[in-house]
Colleague: 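Structure below; questions to follow.
Numbers restart at 1 for each chain; the letters A, B, ... are given by sequence-line order, proteins then strands.
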There are 2 protein chains.
Amino acid sequence: MIRAQLHRPDPAALVDFLDEHLRSGDCLVQVVSECEVLYSGRAASVAEAGDYLVIVKQDGSVQVHGHRSVKPVNWQPQTDDIFVAIEDGVAVMRAERFQPSEMVRVAFLEPALAQAVGLRESGMFVLMGSEAEMQQALARHPEVIEPGLEVLHRELPTEVGGIDLFARDADGALVVVELKRSKATQEAVHQLSRYVDGVRRTSSEPVRGILAAPAVTAPALNQLGSLGLEFREVSALPGIDDDADRQPSLFAPV
Amino acid sequence: MIRAQLHRPDPAALVDFLDEHLRSGDCLVQVVSECEVLYSGRAASVAEAGDYLVIVKQDGSVQVHGHRSVKPVNWQPQTDDIFVAIEDGVAVMRAERFQPSEMVRVAFLEPALAQAVGLRESGMFVLMGSEAEMQQALARHPEVIEPGLEVLHRELPTEVGGIDLFARDADGALVVVELKRSKATQEAVHQLSRYVDGVRRTSSEPVRGILAAPAVTAPALNQLGSLGLEFREVSALPGIDDDADRQPSLFAPV
DNA sequence: ACATGAATATTGGAT
DNA sequence: ATCCAATTTTCATGT
């Protein structure tokens, strides 16, 4: 799986290495080095010289990782072109993208390691517990939201956007249900309000609005009240089995 | 910068390696291996056996990278605890987080390489062209939005959220300005509308609403019109010099 | 290609 | 600790 490694390469060797393995297009290339990183495109940024881990994947995506955080310090998805050259005695990689136009330039000031990794394409990935699943479950069991609720539509498109669940309650009133998989904020309230207003504009029937989520923030609940809308608590996920046997922790956070 | 490397380790050696270097807490640890990955928490997911690059940073963040895309296949930010053990003859790493409660479990079915990288903390990172910068610039030069505009407040908190710029125009009317660094969508229009309504509720003075962004989507512009709000085009970034000399591209996208 | 909305969003700042 | 809004959000999807 490890195609090649280069320890403490000089600039020329690093350029050759990158040239060869990036060109092949069938492996992931990594460089650990003191770098200077420049980004220009949708925004512009400069990283002062520092230690970074640079990863270039087969699709041309580039990410520059610092010592913490999941998110890279600097990145670029699916670049169209990658150039490598020596500039002022330093190996430099430049990755460009056309739409939108942007560019990352990494200068490898003091490369410690370069390696090429052959990652075979991997199997399927299964995800459960998304908003889509929650919507499906609630559409099948609307009584969880309110007894007597009858679902008319899922993902009903309107002028102002898609209504997650459109239903009729036991009293015959129309009900707009907005689902949030996680704690609902003011944005969700406003989204719901938008939909309810939209329905009211096209119908003279009474219309209720229900925000269904595992939790709400206090300001959001406030605003719901003042707008005459309702909140209904629904659990986001089926129970998580969480009592596996423990070993002593390896990691002590700073 | 490269503290240690282990090629094709057996499960026991890998566990020892991970134990040692994760415990040290001052280096980034990587494993290239055929893996099986399980996530359970805010959602639940399973990755079938496949080749992945696993990265554990000093802050306990875990990311499992596949062969393409900037985004990891599976990840977890800032875990509280990491455990390593042999289960059924396979080295397994389990990273847990308490708030919210979630867990990633990686089984290293066939490890090709494990390495520990000492990344020194890096220098400052400067970002230009963010919304904060744009706000600052426009607060200093409000005439770019409209001649005669006088800024009263920046980031004015209201009941329904913070107003980016609150101003008075040449005719004495109040002006709510919503800034977007990128193309403005309907969401931005509703945000602006929310703020304008909020101000009108507390003041009988005439109130205008201006959406300032480098571009708008057509539906958003439509809705602006129907709500009696305005759009003003402002460039998000200072000019980007883009005519550096080119070399032949190394990367040909599939 | 463009617009829209979800995401295990993540992250930083304010309260 | 909680809440809130920006993000080079990325990403999938519908039109």
Colleague: May I have the distance from A:L221 (atom CG) to D:dC4 (atom C1'), rounded to whole angstrom?
Modeller: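 From A:L221 CG to D:dC4 C1': 16 Å.
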
Colleague: Determine whether more than 12 heavy atoms belonging to other residues, nucleotides or ligands lie under 6.0 Å from atom CZ of B:R68.
Modeller: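 No, not enclosed.
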
Colleague: To the nearest 0.5 Å, how far apart are CZ in B:R201 and OG1 in B:T158?
Modeller: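 Taking CZ in B:R201 and OG1 in B:T158, the distance rounds to 9.0 Å.
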
Colleague: Provide, to the nearest angstrom, the distance between the CD atom belonging to B:Q135 and the P atom belonging to D:dT7.
Modeller: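 B:Q135 atom CD is separated from D:dT7 atom P by 10 Å.
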
Colleague: By nearest heavy atom, map B:E155 and A:R97 onto DNA chain D; which one lands nearer the 5' end?
Modeller: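 Whichever sits nearer the 5' end wins; that is B:E155.
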
Colleague: Can you tell me how far P of D:dA6 sits from CD of B:Q136, to the nearest Å?
Modeller: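 Rounded to whole Å, this separation is 17 Å.
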
Colleague: Given side chains that start at C-beta, do those of B:T79 and B:E96 come closer than 4.5 Å, heavy atoms only?
Modeller: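 They are not in contact (no side-chain heavy atoms under 4.5 Å apart), so the answer is no.
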
Colleague: With respect to the side chain of B:S45, which nucleotide from C:dT8, D:dT10, D:dT2 is positioned closest?
Modeller: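 Of all the options, the side chain of B:S45 is nearest to C:dT8.
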
Colleague: Protein-nucleotides 11-15 of chain D N/O pairs closer than 3.5 Å?
Modeller:
{"unit_1": "D:dC11", "atom_1": "OP1", "unit_2": "B:S69", "atom_2": "OG", "d": "2.5"}

Colleague: How many Å lie between CD on A:E133 and P on C:dA7, as a whole number?
Modeller: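 Rounded to the whole Å, the gap is 11 Å.
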
Colleague: In whole angstrom, what separates B:L38's CG from C:dT8's P?
Modeller: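 To the nearest whole Å, that distance equals 15 Å.
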
Colleague: Between C:dT10 and B:R42, is there an OP1 or OP2 to side-chain N/O distance shorter than 4.0 Å?
Modeller: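 Checking B:R42 against C:dT10: at least one side-chain N or O falls below 4.0 Å of OP1 or OP2.
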
Colleague: Pick the P atom in D:dC4 and in C:dT8, then give their distance to the nearest Å.
Modeller: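 Per the computed distance, 22 Å lies between those P atoms.
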
Colleague: Remember a base hit wins even if backbone is also touched, and classify A:Q76 as base, sugar-phosphate or nothing at under 4.0 Å, heavy atoms.
Modeller: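 The residue A:Q76 makes no contact with any strand.
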
Colleague: Show, in sequence, the C-alpha distance, side-chain angles and deciding distance for A:V106 and A:V64, and conclude whether the side chain to side chain contact (heavy atoms under 4.5 Å, CB included) test is met.
Modeller: CA-CA 9 Å; A:V106 183; A:V64 181; 4.2 Å; yes

Colleague: Without decimals, in angstroms, what is the distance between B:L156 CG and D:dA5 P?
Modeller: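 That distance rounds to 13 Å.
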
Colleague: Starting at CE of B:M128, measure out to CE of B:M134 and round the result to the nearest 0.5 Å.
Modeller: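 Taking CE in B:M128 and CE in B:M134, the distance rounds to 16.0 Å.
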
Colleague: How many whole angstroms separate atom CD1 of B:I163 from atom P of C:dA14?
Modeller: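 Nearest whole value for this atom pair: 18 Å.
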
Colleague: Report the C-alpha separation of B:D51 and B:S33 in whole Å, then their side-chain angles, then the decisive distance to 0.1 Å, and conclude whether the side chain to side chain contact (heavy atoms under 4.5 Å, CB included) test is met.
Modeller: CA-CA 6 Å; B:D51 292 348; B:S33 171; over 6 Å; no

Colleague: I'd like a table of atom pairs between the protein and nucleotides 3-5 of chain C - only N or O on both sides, under 3.5 Å - with the distance next to each one.
Modeller:
{"unit_1": "C:dA3", "atom_1": "OP2", "unit_2": "B:K183", "atom_2": "NZ", "d": "2.8"}
{"unit_1": "C:dT4", "atom_1": "OP1", "unit_2": "B:Q186", "atom_2": "NE2", "d": "3.1"}
{"unit_1": "C:dT4", "atom_1": "OP2", "unit_2": "B:T217", "atom_2": "OG1", "d": "3.2"}

Colleague: side-chain contact (heavy atoms from CB on, under 4.5 Å) with B:L192: which of B:L227, B:I210, B:L224, B:D164?
Modeller: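 Exactly one pass, corresponding to B:L224.
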
Colleague: To the nearest Å, give me how far apart CG (A:N222) and C1' (D:dC3) are.
Modeller: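 Whole-Å distance recorded here is 13 Å.
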
Colleague: What I want to check is whether the side chains of B:E102 and B:Y39 have a donor and an acceptor closer together than 3.5 Å.
Modeller: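 Distance-only check passes for B:E102 and B:Y39.
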
Colleague: Please confirm whether the shortest side-chain N or O distance from A:W75 to OP1 or OP2 of D:dT10 is below 4.0 Å.
Modeller: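 A:W75 to D:dT10 OP1/OP2: side-chain N or O found under 4.0 Å.
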
Colleague: Which is it for B:E178 and B:R232 under the salt bridge (Lys or Arg N to Asp or Glu O under 4.0 Å) test, yes or no, and what are the steps along the way?
Modeller: CA-CA 10 Å; B:E178 171 69 19; B:R232 205 67 78 241; over 6 Å; no

